[in-house]
Amino acid sequence: MEKLWGGRFQKNTSKLMEDFNSSIQFDCKLYEYDIVGSIAHATMLGKVGIISEEDAKKIIESLKEIKSDIDSGKVEFKTEHEDIHMNIEVLLTQKIGDIGKKLHTARSRNDQVALDVRMYTRDKVEEIIELLKEWLKTLIELSEKNIDFIMPGYTHLQRAQPVLFSHNIMAYAQMAKRDVERLKSWLVIHNVLPLGSGALSGTTFPIDRQFVAELLGFEQVSMNSIDGVSDRDFIIDFLSHASVGMMHLSRMCEELIIWSSQEFHFVEMDDEYSTGSSMMPQKKNPDAAELVRGKTARVYGDLMNILTLMKGLPLAYNKDMQEDKECLFDGAETWIKCISIMIPMIKTMKICDKNMENAAKGGFTNATDLADYLVKKGIAFRDAHKITGEIVHYCIEKNINIEDIDIEEFKNFDKLIEKDVYDFIDIKNCCELRNSIGGTSSMQVLESINAMKKYIKNI
Ligand code: ARG
């Protein structure tokens, strides 16, 4: 089969090379972008008179037909046409003959592919921002519905201080907000049109790049043709943001997995989002959460893939860059799938508030409050810390909680301790008194929920 670039060749490509070289198996995903990009290019060629308006119209009409043929599964892409760009160009010339051959005027596959991949990424960025918005709404809903539930907050996975369950959940909302901000910054930095860079040095034709940028919704046109064809920062940034976003989901999943264990039993996943064991009839496993945690590794891998791919490449285009797509597609699709499963997973999960509260009551999570109490009675914090430590030790020996100590026993540790101590170390009060900005009191949590609602409205 003759290649579009076959003129200077005396021999055909070997079959082995043809297979090795082709990317159509995966870049076929870009067909929509390739066609939209070509339509804009043809429109511009016609407008400035590089080709006739009539030819431009013909090209555009048949590109639209090709799109609907591909949409409806009528087209079989061919390995011998290497990639999506040449497959579509061949289809076009099959349809309208010589006129189709004019489309590639003032364009190279190098700026063409840079454009297609950028438009794909931009679409994914916009799609994920919308999904994260849904995710944020889900987190807010979960927090609002369970606003007063108390759980132990942990450090070192040891019970530390009581916190509101809603406060813990809203921590993940803060992370998701930063994920949205990172994606928005992608749009500011990378919404740049590379088409018009030619193979690497621009073109001798009087093209109108600004016009193409407007047609395709780009804020800027690239200002250096060499960079235009060889920049893949937009993929690196995207996969970097995806990695951070996945890390956030993964951390939450880790907590949910721990909380689902019988030892904790803070939550129960709905049957719809759990699976059983083929051998152990009693099992119900939080597989969705585990898979999100596992898939985080793939997305990190995708980021490493693109970073390593780019590190040694001289300017400008190198064929290595054909390898930029699978990691991008995988990273984007995985991130989307993971957010999509987490939304219903946490919507349907049961919150076992009594178990959480009981856990918060154990483990001396109110010890800091007792120390704070002593400080408020006039004792220096370091001394208060020591006295409280001794009290905790006493409780461990007797296997009781701090609030179980009666007032006379308390006074043995320090005579300044009075009856009001019980109120002060009540775990509900422990939460409510932490009313500093961003603290775990219900007032602060409600503040943060309201601020987040406002934020979502403006995404
Ligand atoms: N399939 C190629 C890629 O994905 C398109 C660009 C090919 N350019 C070239 N000079 N061979 O990178």
Side-chain angles (χ1 to χ4, degrees), residues 1-9 11-14 16-38 40-41 66 70 75 77-93 101 103-124 190 192-203 222 224-236 238-239 302 305-333:
M1 169 95 51
E2 205 189 323
K3 302 281 186 233
L4 289 181
W5 38 255
R8 66 96 69 210
F9 287 75
K11 287 195 343 193
N12 287 334
T13 326
S14 88
L16 194 62
M17 176 57 188
E18 211 163 68
D19 285 345
F20 187 64
N21 191 40
S22 83
S23 53
I24 187 67
Q25 320 81 273
F26 50 86
D27 66 17
C28 53
K29 276 208 170 113
L30 296 173
Y31 80 88
E32 257 183 276
Y33 304 102
D34 199 71
I35 290 174
V36 169
S38 287
H41 183 64
I66 292 170
I70 302 176
V75 173
F77 293 121
K78 300 231 163 68
T79 312
E80 59 260 37
H81 300 319
E82 204 175 313
D83 57 21
I84 188 63
H85 325 294
M86 292 204 292
N87 265 277
I88 289 177
E89 196 177 322
V90 168
L91 289 170
L92 183 70
T93 41
K101 294 183 185 167
L103 170 63
H104 210 52
T105 316
R107 183 174 78 169
S108 154
R109 261 188 305 154
N110 297 349
D111 55 351
Q112 187 178 359
V113 72
L115 170 71
D116 294 2
V117 181
R118 206 175 276 251
M119 288 198 290
Y120 168 91
T121 315
R122 184 177 64 183
D123 262 11
K124 292 296 158 195
H190 297 299
V192 180
L193 173 83
L195 194 69
S197 299
L200 78 160
S201 61
T203 171
S222 58
N224 180 303
S225 58
I226 296 176
D227 182 51
V229 290
S230 62
D231 168 26
R232 294 295 183 272
D233 292 7
F234 65 96
I235 301 181
I236 294 176
F238 175 77
L239 287 175
D302 293 329
N305 182 339
I306 188 75
L307 282 171
T308 313
L309 177 69
M310 296 306 291
K311 80 176 271 290
L313 294 189
L315 298 174
Y317 178 83
N318 299 271
K319 193 62 175 256
D320 313 47
M321 289 155 87
Q322 182 162 284
E323 295 289 315
D324 62 359
K325 293 167 201 62
E326 284 160 295
C327 55
L328 170 65
F329 298 163
D330 184 70
E333 286 164 17

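Whatever order the structure lists them in is the order used to number ligands and atoms, beginning at 1.
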Knowing that exactly one of Asp302, Leu309, Thr308 qualifies, which makes a side chain to side chain contact (heavy atoms under 4.5 Å, CB included) with Ile306?
->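 Exactly one candidate clears the test, Leu309.
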Using a strict cut-off of less than 4.0 Å between a Lys/Arg side-chain nitrogen and an Asp/Glu carboxylate oxygen, indicate whether Glu89 and Arg109 qualify as a salt bridge.
->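 A salt bridge is absent here (no side-chain N lies under 4.0 Å from a carboxylate O).
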Over 60° means perpendicular and under 30° means parallel, so classify the ring planes of Tyr120 and Tyr33, tilted if in between.
->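 Correct class here is perpendicular.
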Is the shortest N/O to N/O distance between Tyr317 and ligand 1 below 3.5 Å?
->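 The answer is yes, given that Tyr317 and ligand 1 share an N or O pair closer than 3.5 Å.
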Contact check: Lys325 vs ligand 1, nitrogen or oxygen atoms, below 3.5 angstrom =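 The answer is yes, given that Lys325 and ligand 1 share an N or O pair closer than 3.5 Å.
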Distance filter under 4.0 Å to Ser23 heavy atoms, resulting ligand 1 atoms =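 Those of ligand 1 that fall under 4.0 Å from Ser23 are 1 (N).
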In terms of heavy-atom contacts, does NZ of Lys319 have more than 12 from other residues, nucleotides or ligands at under 6.0 Å?
->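 Yes, the 6.0 Å shell around NZ holds more than 12 heavy atoms from other groups.
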Give me the nearest non-hydrogen protein atom to [atom] as residue plus atom name, then the distance to 0.1 Å.
atom	result
atom 2 (C) of ligand 1	Gln322 OE1, 3.3 Å
atom 11 (N) of ligand 1	Arg109 NH2, 3.5 Å
atom 5 (C) of ligand 1	Asp83 OD2, 3.4 Å
atom 8 (N) of ligand 1	Asn110 OD1, 2.9 Å

Could you tell me which non-hydrogen atom of Lys78 sits nearest to which non-hydrogen atom of Asn87, and how far apart they are?
->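 Minimum heavy-atom contact is N-OD1, 2.8 Å.
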How far apart are the C-alpha atoms of Lys325 and Leu30, what are their side-chain angles, what is the distance that settles it, and do they pass the side-chain contact (heavy atoms from CB on, under 4.5 Å) test?
-> CA-CA 10 Å; Lys325 293 167 201 62; Leu30 296 173; 4.0 Å; yes
